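Note that the structure is predicted; figures quoted are calculated from it, not measured. In what follows, chains are A, B, ... by sequence order, proteins preceding strands, each numbered from 1. The analysis underlying the following values was restricted to heavy atoms, covering all of them including side chains, and did not include hydrogens, waters or symmetry mates.
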Amino acid sequence: MILGHVFFARKAPVVARMLLGAYLVHRHSGRVRRYKIIETEAYDGFHDRASHASRGKTPRTEVMFGKAGHWYVYLVYGMHEMLNIVCGATGYPSAVLIRGVAGISGPARLTKALNITRALNKKPASKASGLWVERGVRVPDSKILRTARVGVSYAGEKWANMEWRFVLKE
DNA sequence: ACGATGATGAAC
DNA sequence: TTCATCATCGTA
């Protein structure tokens, strides 16, 4: 079952938690592959200083303010593409960074392995775009590790310490 | 511990 | 137009 707008139209931390155990499904040159999602991070709302959206709507962040269930892909450090899915109500900026799938850990390694680039930015998470998400098995809380997000120490104590990183212990 | 490498947003 | 910064990774 493909997860669509209704699934993603809730608060990013909730989506980040629920995505663990779900499958990132990718079609590339006719081949379909499923990857179990094992690590995510939430970026939520206007005030989250770790979120690109905290500086307001810009050409880059515009998609975060748009409809849930679309991809937000951007370049970081001049070389790494990051894959995010837009969450929440339309007009409320939030997204979940997909940091790892089974067999591939690290958000930059993930996009490199799956050939995901900014060409996918603003596209829907559906078969039409070639990259979508399917429901997985339910994962109990006992198998989930919750921590602060990676690389956001600049965001101030409150936001840097927010435990919005979710890892599935395998 | 650090360099690669370029887009982004803010300041000027 | 310039500048500091950055949701990282591989090599050391």
Side-chain angles (χ1 to χ4, degrees), chain A residues 3 7-22 24 26 35-89 91-125 129 131-133 144-170:
Chain A
L3 301 177
F7 176 86
F8 294 107
R10 31 187 147 212
K11 300 220 98 186
V14 174
V15 175
R17 161 66 180 84
M18 293 180 77
L19 277 178
L20 295 182
L24 183 65
H26 181 236
Y35 301 86
K36 187 196 269 186
I37 297 172
I38 60 167
E39 186 177 348
T40 58
E41 267 179 14
Y43 291 83
D44 191 70
F46 301 92
H47 307 295
D48 175 5
R49 286 176 55 201
S51 169
H52 294 157
S54 66
R55 296 177 195 225
K57 194 189 280 188
T58 67
R60 181 177 61 160
T61 63
E62 184 181 26
V63 62
M64 290 185 78
F65 292 75
K67 197 175 178 191
H70 289 249
W71 298 113
Y72 169 37
V73 184
Y74 67 90
L75 191 69
V76 73
Y77 301 127
M79 58 186 100
H80 302 305
E81 314 269 357
M82 298 286 113
L83 176 67
N84 301 249
I85 181 108
V86 175
C87 299
Y92 180 89
S94 65
V96 168
L97 169 66
I98 300 181
R99 291 189 55 90
V101 297
I104 309 171
S105 60
R109 299 180 69 183
L110 168 65
T111 53
K112 190 177 176 194
L114 274 64
N115 280 292
I116 292 165
T117 68
R118 283 162 288 168
L120 192 70
N121 191 41
K122 297 186 177 181
K123 299 250 167 62
S129 68
L131 188 71
W132 64 94
V133 182
I144 291 177
L145 185 66
R146 240 189 116 147
T147 76
R149 294 170 292 181
V150 173
V152 299
S153 54
Y154 61 87
E157 196 178 340
K158 174 179 175 180
W159 298 104
N161 294 330
M162 198 71 76
E163 296 201 325
W164 280 352
R165 173 171 173 252
F166 299 84
V167 182
L168 175 57
K169 294 182 275 187
E170 304 246 68

* Asked: Can you pull the contact range of chain A along DNA chain C, 5' to 3', using atoms under 4.0 angstrom from its heavy atoms?
  -> C:dC6 to C:dG10
* Structure fact -> Re C:dA7: Watson-Crick or G-U wobble partner, both distances kept under 3.5 Å, found to be none
* Base-pairing mate for C:dT1 - Watson-Crick or G-U, with both contacts under 3.5 Å -> B:dA11
Nearest whole Å is fine: how far is [N] [atom2] from [X] [atom1]?
| X | N | atom1 | atom2 | answer |
| --- | --- | --- | --- | --- |
| A:Arg55 | B:dA7 | CZ | P | 18 Å |
| A:Tyr77 | B:dT8 | OH | P | 16 Å |
| A:Arg60 | B:dA10 | CZ | P | 10 Å |
| A:Glu81 | B:dG6 | CD | C1' | 11 Å |

Do you know which two heavy atoms are closest between [X] and [Y], and how far apart they sit?
| X | Y | value |
| --- | --- | --- |
| A:Tyr43 | A:Ala12 | O-CB, 3.8 Å |
| A:Met82 | A:Pro107 | SD-CB, 3.6 Å |
| A:Leu97 | A:Leu83 | CD1-O, 3.4 Å |

* Does the pair A:Ser54 and A:Ser51 meet the rule for a side-chain hydrogen bond (donor to acceptor under 3.5 Å, both in side chains), with working shown? -> CA-CA 6 Å; A:Ser54 66; A:Ser51 169; 5.7 Å; no
* Asked: When the ring planes of A:Tyr74 and A:His52 are compared, do they come out parallel, tilted or perpendicular, using 30° and 60° as the limits?
  -> perpendicular
* Partner of A:Leu19 by side chain to side chain contact (heavy atoms under 4.5 Å, CB included), out of A:Leu24, A:Thr40, A:Val14, A:Ile38 -> A:Thr40
